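What you are looking at is a predicted structure, and each value in this text was computed from that prediction instead of being measured. Below, chain A is the first sequence line, B the second, and so on; all start at residue 1.
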2 protein chains.
Amino acid sequence: MANVTMKDIAEKIGVSSVTVSKALNDKEGVSDALKDKIKQLADDMGYRYNTTAKSMKNGLTYNIGVVIPERFSGGMSQSFYFRAYQQAARVFEKYGYYGIMNILTDADEEALKLPRLYYEKKVDGFIFLGQLSADYINLIKEMDMPKVFLDFYDEHDEIDSVITDNFFGAYDLTNYLFNKGHKDIGFVGNLHSTSSIQDRYLGFYKSLLEHGKDLTKDWIINDRDERGKYVEFDLPDALPSAFVCNCDQVAHAFVNRLKQEGYKVPEDVSVVGFDNDIYATITDPNLTTVEVDIHEMVSEAVKIIIKKVQGTKKCYGRQSIKGKIVKRASVWDKRQG
Amino acid sequence: MANVTMKDIAEKIGVSSVTVSKALNDKEGVSDALKDKIKQLADDMGYRYNTTAKSMKNGLTYNIGVVIPERFSGGMSQSFYFRAYQQAARVFEKYGYYGIMNILTDADEEALKLPRLYYEKKVDGFIFLGQLSADYINLIKEMDMPKVFLDFYDEHDEIDSVITDNFFGAYDLTNYLFNKGHKDIGFVGNLHSTSSIQDRYLGFYKSLLEHGKDLTKDWIINDRDERGKYVEFDLPDALPSAFVCNCDQVAHAFVNRLKQEGYKVPEDVSVVGFDNDIYATITDPNLTTVEVDIHEMVSEAVKIIIKKVQGTKKCYGRQSIKGKIVKRASVWDKRQG
DNA sequence: CTGAAAGCGCTTACAG
DNA sequence: CTGAAAGCGCTTACAG
C-alpha cells in the first residue's frame with residue numbers, strides 16, 4: 001500500500017512499465033483490452049501518478065509562481081488580491097497547472113532578492129501581482145523565465161502585462177460627471193504613487209481638457225505619502241462640485257471627511273471612486289465607481305503565462321481590460337437640481 | 001546559460017558531481033577551499049538548485065496543499081481566509097515549504113472527489129481550511145497522508161485540528177453582557193449550520209446557565225438556512241436587552257434590521273458579534289466582538305502539519321486558540337443607564 | 001578529502 | 001502491439 005509505482009503494476013500483470021506508462025497516459029501502442037486491465041489494476045492498487053518524475057524528465061514543474069508584494073497583502077486592498085489569486089487558481093486548474101503564492105517581503109524587494117521559488121526551480125513562470133519598485137522590475141527583466149505583470153506595467157513595455165483600463169475608466173467616469181452637469185471637478189490621489197493612480201489621473205485630466213477645463217492645483221488632493229501610507233486630506237476653502245477619487249477606499253474616507261466638515265454628499269459635493277470593492281457599498285451614500293473586471297484580467301494573465309511557459313516567443317505587450325461604470329447615489333444630477 | 005547542472009560545474013572544475021553536491025549543501029568531506037571555489041563558480045554560472053531532483057530521491061515535494069471549500073472563498077468571509085492563507089504562506093516559508101491553494105468546488109465536495117493535488121502527488125500533506133461536509137471528512141480520513149483541519153474539527157476527533165476557542169469566546173462575551181447589567185440575552189445564528197456556530201451557541205448557553213437563566217426559544221433567532229444562505233430574521237414582539245450574534249457580518253445585518261424596526265442600538269438592544277472583521281467597524285455603532293487570533297491559529301496548524309510530514313506519528317488532537325474581547329460601542333451599560 | 005555506482009519513477013526514442 | 005535501454009539531476013551509501 002505504501003507507494004505504488006508503474007513498475008509494481010507492471011510486475012503484477014507481467015508486462016513492462018513502458019506499457020503501463022502508455023496505458024495510463026492513453027498513448028498508442030497498447031491494446032484496448034490491456035489498457036483497461038492496467039487502468040483497473042492501477043485503481044485497485046491505489047496508484048497515484050508521480051508528477052515529480054514527469055517533471056524530472058521534461059523539466060517542467062507545472063507550477064506558476066504568483067508573487068504579491070507584502071504591502072498589498074495586508075490592509076484593506078486584500079479583497080482584490082484574494083479574489084485575483086483565487087480566480088488565478090481556478091484558471092490554472094483548467095490548464096493542469098498550479099499556482100504557488102509567494103508574498104514578496106518589503107525587505108526582499110528592497111534588497112533585490114528574487115523569490116525563493118526561482119532559485120529552487122519550483123515554477124515554470126511567474127505572475128507578478130501588484131506594483132513593484134523600478135529597481136525590482138529591472139531585476140526581474142534579467143531573470144530568464146516567462147513572466148507576466150498583473151495590475152501594473154513596466155514603463156518600457158518590455159514585459160507582457162495585463163492591467164485594468166485605468167485611463168479610460170477614469171476618463172469615462174469624469175465624462176459621466178460632466179454629463180450630469182458638473183463643471184468643476186477635482187481629483188483625490190497621489191500622482192506619483194503607482195502607475196494605476198497616475199493613469200486614472202490622466203484619464204480624468206483628458207476629460208477635463210476635452211471639456212475646455214484647466215487643472216486647478218487646489219483641487220488635486222493628496223491621499224498618501226510616497227510609501228503608500230494614507231495621510232490627512234488637505235481641503236481648500238472652496239471646493240468643486242465633484243471629485244474623482246483614485247479608489248473606493250479613499251473615496252470612503254473622503255466622503256466621511258467632507259461630511260465631518262459639514263458638506264452634504266452628494267448635494268454639495270459629488271464623489272466617485274474606482275474598483276467597486278466593499279468600500280463602495282459601505283459608504284453612505286453608496287459610491288458610483290468603476291468595476292474592475294478581475295476575472296477577465298486574471299484569465300488573460302494566466303492564459304498568457306501558460307502560452308509562454310509552453311514555449312511561445314510571442315510578445316503580448318500591454319493588455320488593457322475594460323471595466324464598467326456602476327452608478328449609485330454618490331453623484332448629484334445638477335441638471336435637475 | 002540554458003540549464004546549469006551540478007555536473008556542468010563539476011566538469012568545469014574537474015571534480016565529480018558528488019563533490020559539487022556536497023559543497024553546495026555544506027556537507028562534510030570537501031575541503032573549505034574547494035567548497036568556496038565551487039560555490040563561487042555556481043554563482044557565476046547562474047546555477048539554480050533543482051528541487052525536483054531532490055524530490056525524486058527522497059519522495060518529498062516540500063509542498064503542502066491548503067484546501068479551501070469554494071463556498072468560503074466567495075462572499076464576505078474572504079478576508080479571514082485570505083489572511084489565513086497568507087499567514088500560512090509566511091510560516092511555510094520559514095520551514096522551507098510552500099503552500100499550494102486548492103479551491104474545493106462544491107461539485108467536487110458533493111461528488112467526494114479528493115483534490116487533484118493528491119492524485120498527482122504534488123504535496124506532502126494537507127491543511128483543510130473551513131468546514132467540510134461529514135461525508136467528505138470521512139473520505140479524507142481514508143486518505144493516507146498527513147492532514148490538519150483548520151478552523152473546524154471532526155466530531156470524532158480523529159484528525160488533528162486547530163480551532164478558535166468558540167466556546168469560551170462566546171462564554172466570555174456573554175458573561176461580559178451580564179456584567180454590564182443585562183438580564184435577558186438572546187442568540188442569533190443557525191444552531192445546526194457549522195460546529196463553530198454551535199460551539200459559540202453552547203458557550204452562550206453555559207453563561208446563561210451559570211447566571212440562573214433558561215433558554216427562551218423566541219430569542220434564538222435563525223440567520224441562515226441549511227445550505228448557509230442568509231434568511232430574513234424572524235423578530236418576536238418582545239426582545240431581550242442584548243443579543244449575541246454568531247459573527248460580525250450577521251451582527252451587522254441584525255443591527256440594521258433592529259434600527260429599521262425602530263429600536264435604538266445599543267440603548268434599546270445591545271448587540272455583540274464574533275470575529276472582529278470589517279463588519280465590526282462598519283456597523284454603527286461599532287461592534288463589541290471577539291477577535292480571532294488568526295496568526296496563532298495558522299502558525300500552530302502549519303507547525304503541526306510540518307511535524308507530521310517529517311514523520312511524527314504523534315497525535316495533536318484539537319487545539320483551541322483563545323481570542324480576545326474587543327470592546328466597542330454596541331453594548332449599553334445598564335448599571336448606569 | 002574525493003568519486004564510481006546505483007537509484008528515485010517516469011518517458012522517449014528505438015528496435016523487434 | 002510490446003519492451004530494453006538510456007536519461008532527467010540529484011543524493012546516498014560505500015570504497016578508496
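One atom, CD of A:Glu28, and another, C1' of D:dG3, lie 17 Å apart when rounded to the nearest Å. In this entry the distance linking OH of B:Tyr62 with P of D:dC10 reads 14 Å, nearest Å. Nucleotide C:dC10 holds its C1' atom 9 Å from the CG atom of A:Asn25, rounded to whole Å.
Residues B:Asp26 and B:Lys39 are paired through a salt bridge, judged by an N-O separation under 4.0 Å between the basic side chain and the carboxylate. Taking a cutoff of 4.0 Å between a charged side-chain nitrogen and a carboxylate oxygen, B:Asp293 and B:Lys322 do not qualify as a salt bridge. Ionic pairing of A:Glu109 and A:Arg71 is present here: one or more N-O contacts between side-chain nitrogen and carboxylate oxygen are shorter than 4.0 angstrom. Looking at B:Lys22 and B:Glu28, no side-chain N of the basic residue comes within less than 4.0 Å of a carboxylate O on the acidic one, giving no salt bridge.
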| field | Working for salt bridge (charged side-chain N to carboxylate O under 4.0 Å, His left out), residues B:Arg116 and A:Glu93 | value | CA-CA 9 Å; B:Arg116 190 165 56 94; A:Glu93 174 85 36; 3.0 Å; yes
Contact list (N/O, under 3.5 angstrom) for nucleotides 5-9 of chain C vs protein:
unit_1 : atom_1 : unit_2  : atom_2 : d
C:dG7  : N2     : B:Lys57 : NZ     : 3.3
C:dG9  : OP1    : A:Asn3  : ND2    : 2.9
C:dG9  : N2     : A:Ala53 : O      : 3.3

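For A:Ser31, a side-chain nitrogen or oxygen approaches OP1 or OP2 of D:dT2 to under 4.0 Å. Residue B:Ser21 has a polar side-chain atom (N or O) positioned under 4.0 Å from OP1 or OP2 of D:dT11.
For B:Val30, the listed nucleotide lying nearest its side chain is C:dT2; candidates were C:dT2, D:dC1, D:dC10.
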| field | Pair pattern of DNA chain C in dot-bracket, where unpaired bases get dots and | marks partners in another strand, Watson-Crick or G-U under 3.5 angstrom | value | |||.||||||||.|||
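For the 3.5 Å distance criterion, the side chains of A:Lys54 and A:Asn25 fail to qualify, holding no donor opposite an acceptor.
With sequence neighbours excluded, no residue satisfies side chain to side chain donor-acceptor pair (under 3.5 Å) with B:Arg318.
In summary, of the residues considered (B:Lys313, B:Lys314, B:Lys303, B:Lys308), a salt bridge (charged side-chain N to carboxylate O under 4.0 Å, His left out) with B:Asp160 occurs for B:Lys308 alone.
Residue contacts for A:Lys27: at a heavy-atom cut-off of 4.0 Å it reaches the sugar-phosphate backbone alone, with no base atom in range.
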